[in-house]
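All remarks here apply to the structure that follows.
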Amino acid sequence: MKKVLFTSVMMMALSGCQMTSESTVDWQQDNKVEIMNTQIQLSSAVWIDQMPTIGSEEDESKFNVALTLSSKQVIAPELTIEKVVMRQGEESWVLTDDEFEVRVHDNHTWEIAGQSFHTLDSAKLLDIAVQVNDEWIIENNIQIDTVY
């Protein structure tokens with residue numbers, strides 16, 4: 001009986017940990033959020049690069065993102081970009097660490113520059129979520145440009 005009770009308690013504890021560590025995106029969130037006493041705004045630019053590549057006959061179309069985090073106050077250097085999530089229609093995906101980098105332009109402007117070979121439909125709008133220090137900053141209905 002003790003083993004069954006112990007096992008039940010452990011399973012409940014572990015399942016509780018799994019639920020709380022899993023972060024979900026609230027796509028209704030605003031593109032402005034207060035983090036570490038600083039009001040930060042997200043503005044996004046997305047484009048599909050269809051420039052031909054010399055020596056390659058394969059379709060190497062890739063999409064690029066320039067996500068700007070800006071603030072009138074100083075953005076704390078302790079700020080951590082944890083995750084970048086894209087959503088188009090019913091499909092959503094996370095950019096891997098290899099697909100984006102953070103560039104600090106000054107104390108008030110950070111850029112998340114990214115590139116991926118994920119297939120996008122340029123006729124549809126895109127939603128982007130950035131997880132910063134366990135908070136989400138969301139920008140919805142972003143137009144996708146095409147570069148030839």
Side-chain angles (χ1 to χ4, degrees), residues 6-53 56 58-148:
F6 177 75
T7 304
S8 298
V9 168
M10 289 304 291
M11 287 178 60
M12 287 178 58
L14 290 174
S15 67
C17 289
Q18 185 178 16
M19 286 180 180
T20 56
S21 66
E22 187 177 288
S23 56
T24 57
V25 179
D26 175 11
W27 290 102
Q28 303 306 312
Q29 179 79 22
D30 196 9
N31 72 331
K32 296 177 189 171
V33 69
E34 186 168 321
I35 301 173
M36 301 175 77
N37 297 321
T38 303
Q39 185 78 21
I40 299 175
Q41 179 173 347
L42 171 65
S43 56
S44 307
V46 180
W47 65 98
I48 297 173
D49 183 359
Q50 293 192 328
M51 294 284 288
T53 305
S56 177
E58 295 179 23
D59 179 19
E60 291 192 9
S61 299
K62 56 185 167 274
F63 79 87
N64 298 273
V65 295
L67 313 176
T68 304
L69 300 175
S70 58
S71 177
K72 292 181 181 176
Q73 297 109 339
V74 172
I75 298 175
E78 299 85 24
L79 205 70
T80 304
I81 308 300
E82 297 174 11
K83 195 180 292 185
V84 178
V85 181
M86 306 285 175
R87 180 177 77 168
Q88 190 173 50
E90 296 298 315
E91 182 183 8
S92 64
W93 65 97
V94 177
L95 290 184
T96 66
D97 290 342
D98 294 334
E99 293 177 316
F100 74 92
E101 66 180 15
V102 179
R103 302 172 182 164
V104 178
H105 293 285
D106 58 41
N107 290 334
H108 304 277
T109 310
W110 289 20
E111 177 187 15
I112 302 167
Q115 194 174 69
S116 176
F117 286 100
H118 193 89
T119 304
L120 290 180
D121 183 348
S122 61
K124 294 182 179 177
L125 299 174
L126 184 70
D127 301 327
I128 297 177
V130 178
Q131 187 177 19
V132 181
N133 289 21
D134 295 324
E135 295 281 338
W136 288 99
I137 308 173
I138 312 292
E139 188 168 10
N140 291 305
N141 302 320
I142 301 163
Q143 287 285 140
I144 301 171
D145 294 324
T146 303
V147 176
Y148 295 98

Point-to-point distance, once rounded to the nearest 0.5 Å, from CD of Gln29 to CG of Asn140: 10.0 Å
Hey, is CG on Asp106 packed in by over 12 heavy atoms from elsewhere, all under 6.0 Å? yes
Is there side-chain contact between Met86 and Val65, with heavy atoms separated by less than 4.5 Å? yes
Testing the 3.5 Å rule here: is there a donor-acceptor pair between the side chains of Thr80 and Glu82? no
Between atom CG of Asn64 and atom CD1 of Ile144, what is the distance when rounded to the nearest 0.5 Å? 11.5 Å
Check whether any side-chain heavy atom of Asp127 sits under 4.5 Å from a side-chain heavy atom of Asn141, and report yes or no. yes
More than 12 heavy atoms of other groups within 6.0 Å of Gln143 CD: no
Side-chain contact, heavy-atom cut-off 4.5 Å: Val74 with His108? yes
Any side-chain heavy atom of Trp110 within less than 4.5 Å of one from Leu79? yes
About how many Å separate CD1 of Ile128 and CD of Gln88, when rounded to the nearest 0.5 Å? 10.5 Å
For Gln39 and Gln73, what are the C-alpha separation, side-chain angles and deciding distance, and is it a side-chain contact (heavy atoms from CB on, under 4.5 Å)? CA-CA 7 Å; Gln39 185 78 21; Gln73 297 109 339; 4.0 Å; yes
How long is the gap from CG on Asn133 to CD1 on Ile35, to the nearest 0.5 Å? 6.0 Å
Parallel, tilted or perpendicular: rings of His118 and Trp93 (30°, 60°): parallel
Output the distance between atom OG (Ser43) and atom CD (Glu111), rounded to the nearest 0.5 Å. 10.0 Å
Does a donor on one side chain sit under 3.5 Å from an acceptor on the other, for Ser116 and Glu99? yes
Option among Val33, Thr38, Ile81 that satisfies the side-chain contact (heavy atoms from CB on, under 4.5 Å) test with Leu69: Ile81
